[in-house]
Structures are given as structure tokens and as C-alpha cells.
Colleague: 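Have a look at the structure that comes next, please.
Note: hydrogens, waters and symmetry copies are ignored here, and every other heavy atom, side chains too, is used. These figures come from a predicted structure and were not determined experimentally. All ligand and atom numbering here is 1-based and tracks the order in the structure.
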Amino acid sequence: MRPLDKTRTAAEVLVDQLTINGVSHVFCVPGESYLAVLDAFHDRNLAVTVCRQEGGAAMMAEAVGKATGRPGICFVTRGPGATNATAGIHIAQQDSTPMIMFVGQVTRDVKDREALQELDLRAVFGSMTKWTAEIDDPARVPEMVSRAFYTATSGRPGPVVIGLPEDMLAERTTAPNAPCFEPVETWPGASEMHKLAELLEDAARPLAVLGGSRWSADACAAMRRFAERFALPVATSYRRLPLFDPLHACYAGDLGIGPNPKLLARFKDADLVLLVGGRMGEIPSQAYALLDIPGPRTRLVHVHPGAEELGRLYRPHLAIHASPTAFAAAAEALQPAHPIAWRERTRQAHADYLEWTQLPTPQPGAVNLGAVMVWLRENLPADAILCNGAGNYAAWIHRFYRFRQFATHIAPTSASMGYGMPSAVAMQRLYPERTVVCLNGDGDFLMNGQEFATAVMYDLPIVVIVADNGIYGTIRMHQERDYPGRVCATSLRNPDFSAYARAFGGFGATVERTADFAAAFTAARQSGKPAILHVKIDPEAITPATTLSRIREQALAQTAV
Ligand SMILES: Cc1ncc(C[n+]2csc(CCOP(=O)(O)OP(=O)(O)O)c2C)c(N)n1
Ligand SMILES: [Mg+2]
């Protein structure tokens with residue numbers, strides 16, 4: 001009900017403020033604590049996705065932030081809703097993703113009584129977010145929401161959590177709207193770019209590594225031109241593969257889990273590392289082995305939008321405080337001063353990448369995940385989006401799939417399980433015309449598999465692949481390495497995932513041989529429904545390079561010495 005006066009409820013002001021900031025999608029699990037917001041959604045032009053668990057809703061918002069660079073938005077209820085959602089908040093923090101989570105909170109008059117589901121948001125989310133606050137005054141909604149957008153997107157992006165007391169949301173106010181936020185750019189200085197040009201002149205074995213967030217398709221194209229002019233070999237950081245065209249002659253490969261040993265050797269041998277956007281965290285740095293802390297072992301040029309990240313782990317030879325987009329634009333002006341001496345090295349780096357990824361490695365069992373990835377890379381459109389969570393199955397994606405466009409891989413650099421299904425829902429909601437494929441392990445999938453119901457609810461024709469090896473494979477692998485033969489808590493007894501799909505109203509099929517995958521995938525697409533392909537993997541096929549038994553034997557041989 002809209003009264004004739006000029007007032008709006010705080011909830012209406014909030015939702016209008018989201019629209020002003022360009023938000024078109026929100027993800028939620030409802031709660032009685034924010035009914036006024038649901039009511040404001042009712043006659044406003046926002047796509048609302050109602051989810052089955054707040055962890056899924058938060059991951060969906062995070063995925064939107066990852067894909068678009070603008071804050072993804074979710075709404076959850078107090079205590080149990082907010083604590084369920086922490087999985088997504090933590091991903092946004094570690095992956096440097098802008099997102100804003102709004103939490104319906106207890107009414108102001110019962111605060112601090114440990115009222116029903118009351119949660120001290122600042123205490124719980126304080127170490128996980130860039131900013132956590134609560135809005136107690138309806139008149140301050142525009143101010144606080146504006147700040148949330150600036151905070152989530154500026155510097156190193158990350159999550160913001162805002163509490164909304166239930167009674168505050170229903171109160172009326174004459175507060176005017178605040179204007180749309182403007183992303184804050186951080187440009188490199190002319191002197192830094194000049195120093196970078198000098199360092200490139202002095203270098204003999206440079207290597208660029210691209211990572212982090214605050215990229216765009218234009219920035220990637222500018223980076224590609226920069227790499228071309230300097231014949232720079234370019235690697236991508238863990239789960240940042242789409243930042244550079246894998247078939248470009250400068251592409252040197254992926255610094256993730258189980259990388260090409262030749263790429264690692266090339267990194268160690270480099271006399272200049274140009275790290276753009278990334279932090280060289282634990283995974284890409286191979287457990288902090290590639291660069292000394294604080295260093296330097298080699299000349300490091302670190303380009304990062306967060307001032308606090310420069311010199312945090314690695315003491316850079318040259319720190320450039322800039323967003324990747326601004327840096328890539330500034331790099332357009334750099335020209336090589338003399339003929340490039342390392343052209344042949346770059347050619348070799350790309351040849352090594354192609355050789356490492358061209359053909360699937362032989363595997364035990366009737367389904368070879370590498371062959372499945374090669375089929376997908378040859379048959380999916382260039383703008384198809386792949387979403388996944390964590391588990392050893394992902395190693396085959398990183399190695400054999402080729403991401404040809406910006407933001408086509410939506411996966412957690414924090415290696416959080418259960419991310420594939422919700423992020424695929426978010427991507428298909430955002431981009432209904434694109435192909436979205438969701439890859440999961442059997443353990444991984446059931447952490448948020450219930451969001452398959454959300455895919456069914458919104459008729460999202462996602463193809464979900466569940467690589468079922470009957471184990472928490474990654475952990476079993478570590479177990480066999482560290483405690484060979486002493487299997488504990490890593491075996492799974494799984495449902496029939498294709499029947500699970502059908503029970504939810506989707507399409508389901510089981511794949512037991514590599515040769516059957518193509519037909520099953522095509523049938524899934526033709527069904528027009530959300531689909532699950534239950535792909536049976538031999539647990540022995542633990543990585544593209546080795547088997548479980550071999551890992552166990554090697555570990556036993558070592559303990560015997
Ligand atoms: C939320 C969460 N819980 C636990 C882990 C630890 N973990 C990493 S991989 C993994 C097992 C993954 O198993 P599965 O999805 O079956 O994939 P597989 O390794 O077998 O291919 C576990 C438990 C994690 N990364 N995230
Ligand atoms: Mg598994």
C-alpha cells in the first residue's frame with residue numbers, strides 16, 4: 001500500500017537505492033525479519049531468485065560480483081540465515097569479489113537481549129568483510145547503501161554486510177535517494193610506468209602473471225596487445241584462466257594446482273615477474289615456494305588496486321598501486337625500446353603449454369575426464385560459462401578446457417566446495433541465452449545440490465556434471481600421501497544423481513563410458529531442462545598425472561626407508 005504523502009518505507013528506499021546502483025538481480029532466502037523488503041520487491045523491477053539455503057544465495061551473489069565486477073546482492077535473515085551465508089562471504093573475501101549481503105535483524109527495542117536469532121553481525125562478520133554495519137535510522141539508508149557500494153568495489157574488492165532491524169525497515173521516511181556510485185579508479189603514475197619500461201629494457205627472462213579481480217574484457221584485450229608488443233610470456237593465476245586467451249602465442253599456462261613443471265621452472269628462472277592484479281597467494285605461489293617472503297629473489301613488479309596488498313607478502317622491486325583495468329590502459333602507451341631478445345623463449349613457453357594440454361592423459365576406468373574436457377572445449381560456444389567448486393575433478397578443467405572469453409570461468413580461488421551449483425544458477429539467471437555448464441565432484445555437489453531445485457524453479461537449462469568417484473578424492477589423496485593405507489572418513493555412498501535430477505523435475509542421465517558423454521550432453525541440452533549427468537569415475541583416476549595406488553605405494557616406500 002502506497003500512501004499519498006511523499007514518504008517511503010526504509011525498505012522501499014533501500015530497494016530503490018539498489019536499482020539506482022544498477023542492481024537488476026537479487027538472491028535470497030526469505031525471513032520474517034525483512035518482510036518489508038520483500039514487499040518493496042513486489043512492485044519494483046528486480047529479478048528475485050529465491051534459494052534453498054543461504055550459503056547458496058550468498059554464493060550466487062558472489063558469482064554475480066565475479067562475473068560483472070559490480071556488487072552481487074543477497075538478502076538473508078538474522079542468526080541462522082546469516083551464519084549459513086558465511087560460506088559465500090568468505091569466498092568473496094578470498095576471491096576479492098564485490099558483494100553486499102543484507103541481513104534482516106531483530107527489532108531495535110529487543111536488541112542485546114539475545115532475542116530470537118539475534119546475532120552480533122559486527123562480531124561475526126568483522127574479520128570476513130571490508131565493512132559490517134547496521135542501519136538504525138531509516139533516513140540513513142541512502143548514505144549507508146551508497147557507502148556499501150563504494151566499499152565493496154574500491155581498492156581490493158570484497159564483501160560488505162549490512163544489518164536491517166525489522167522495525168526500522170517498516171518505518172517511513174522522506175529521505176531522498178543518493179546518486180549511483182561511481183567505481184573508484186586507481187591509476188598508475190607516469191613515473192611508475194616509466195620505471196616498468198626501464199625494467200623491461202633490462203630484463204632477459206620476463207614473465208607476466210595475471211590474477212585477482214577488477215579486470216574487464218577491454219582490459220584483457222589491452223593486456224594482450226601489451227604482451228604482443230613485448231612478446232611477453234603470460235601465465236594466469238589459479239582460477240583466473242579467462243584473463244588471457246589460451247591460444248594466443250604469448251600464453252604460457254596456468255599457475256594453479258598441479259601446474260606444468262615447465263611453467264614452474266620458467267617462473268623460477270625469470271629475472272622479472274610482472275604480477276598484475278593477483279596476490280600470489282598460497283596456491284599460485286605453490287605454497288609460497290615461487291617467491292621469497294619478503295624477498296626479493298627476483299625482480300617483482302606488483303600491480304594491485306589495494307594499497308595494503310603491496311608489500312604485504314612480497315617486497316616488490318616496483319609497486320604499482322593501480323587496478324588491472326587502469327594499468328592495462330596505461331600499458332597501451334609502452335613500446336619496446338629495442339628488439340625483443342626473448343621472443344624464442346616465449347614461443348617455447350606457448351609450445352610447452354599446448355603440449356601439456358593438447359591430449360588427455362591415459363586414465364584408469366571407463367570414463368576419462370580429460371577426454372570429457374577436450375570434448376567440451378571443442379563443442380561448447382566460446383561464451384559458454386563453466387562453474388565449479390572444489391575437488392580433484394577440477395584439475396582436468398584447469399588443464400584441458402580452454403576459456404576463450406572474459407569471465408567464462410566462475411570458480412572459487414578459495415577452493416570452497418559447493419560453489420558450482422549456486423554459481424551456475426546465478427549465471428544462467430543473469431545470462432539466459434548463454435550455455436552454462438556446472439562441474440562438480442560427488443562430495444562437492446551435495447554441499448549445495450539442493451539449489452538444483454532453484455534451477456528447476458526458474459527453468460534454467462544448466463547442464464550439471466557430477467564426477468562421481470565415490471570418495472572425497474582430494475582428501476583421500478592427501479591421506480594416502482601422509483597416512484598411506486589408513487583410509488578414514490573419505491569414502492562416500494552416493495545416490496543415483498540422475499534419479500535425483502528427475503525427482504526435482506529435471507533431466508538425468510548416467511555416463512559410464514567416455515564415448516557416451518557426447519550423446520548424454522546433447523540429450524541434456526535438447527531436453528531444455530536443468531540436467532544432471534552422473535558421470536562414473538574410477539577412484540584410481542585421482543589426478544591427470546597419477547593414480548591413488550601409485551601415491552600410496554610411493555608413500556609406503558618412503559616410510560619403509
Ligand atoms: C566447504 C569445504 N569443505 C571441505 C573442504 C576440504 N576439501 C577439499 S576437496 C574435498 C573433497 C572433494 O571431493 P569431491 O567433491 O568428491 O571431489 P574429488 O576430489 O573426489 O574429485 C574436501 C573435503 C573444502 N575445500 N571446502
Ligand atoms: Mg569425489
Colleague: Under 3.5 Å, sequence neighbours excluded: what are the donor-acceptor pairs made by side chains of residues 461-471?
Modeller:
residue, atom, partner, partner atom, Å
D468, OD1, G470, N, 2.9
D468, OD1, N494, ND2, 2.8
D468, OD2, H534, NE2, 2.7
N469, OD1, I471, N, 3.2

Colleague: Would the number of heavy atoms belonging to other residues, nucleotides or ligands and lying under 6.0 Å from CD of E114 be above 12?
Modeller: no
Colleague: Given S96, which of K66, R156, R279, E309 fulfils the side-chain hydrogen bond (donor to acceptor under 3.5 Å, both in side chains) condition?
Modeller: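 Single side-chain hydrogen bond (donor to acceptor under 3.5 Å, both in side chains) partner of S96 among K66, R156, R279, E309: R156.
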Colleague: Quick test of your reading of the model: are D352 and R266 salt-bridged, counting only N-O distances below 4.0 Å?
Modeller: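 Yes, D352 and R266 are salt-bridged.
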Colleague: Once rounded to the nearest 0.5 Å, what's the spacing between atom OG1 of T474 and atom OH of Y393?
Modeller: 8.5 Å
Colleague: Name every donor-acceptor pair, under 3.5 Å, that has one atom in a side chain of residues 84-93 and the other anywhere in the protein, sequence neighbours excluded.
Modeller:
residue, atom, partner, partner atom, Å
N84, ND2, E54, OE1, 2.9
T86, OG1, T83, O, 2.7
Q93, NE2, S127, O, 3.0

Colleague: Can you tell me how far the CG atom of D245 sits from the OG1 atom of T236, to the nearest 0.5 Å?
Modeller: 11.0 Å
Colleague: Is the shortest distance from a Lys or Arg side-chain nitrogen in R78 or E32 to a carboxylate oxygen in the other one below 4.0 Å?
Modeller: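 Salt bridge present between R78 and E32.
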Colleague: Tell me, which residues have any heavy atom less than 4.0 Å from some atom of ligand 1?
Modeller: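 Shell around ligand 1 (4.0 Å, heavy atoms): A390, G391, N392, Y393, A415, M417, G441, D442, G443, D444, M447, N469, I471, Y472, G473, T474, I475.
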Colleague: Ring centres under 6.0 Å, that's the criterion: do F445 and Y500 meet it?
Modeller: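 Between F445 and Y500, the centre distance is under 6.0 Å.
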Colleague: Just the protein N/O/S atoms under 2.8 Å from the Mg ion (ligand 2), please, no waters.
Modeller: D442 OD1, N469 OD1, I471 O
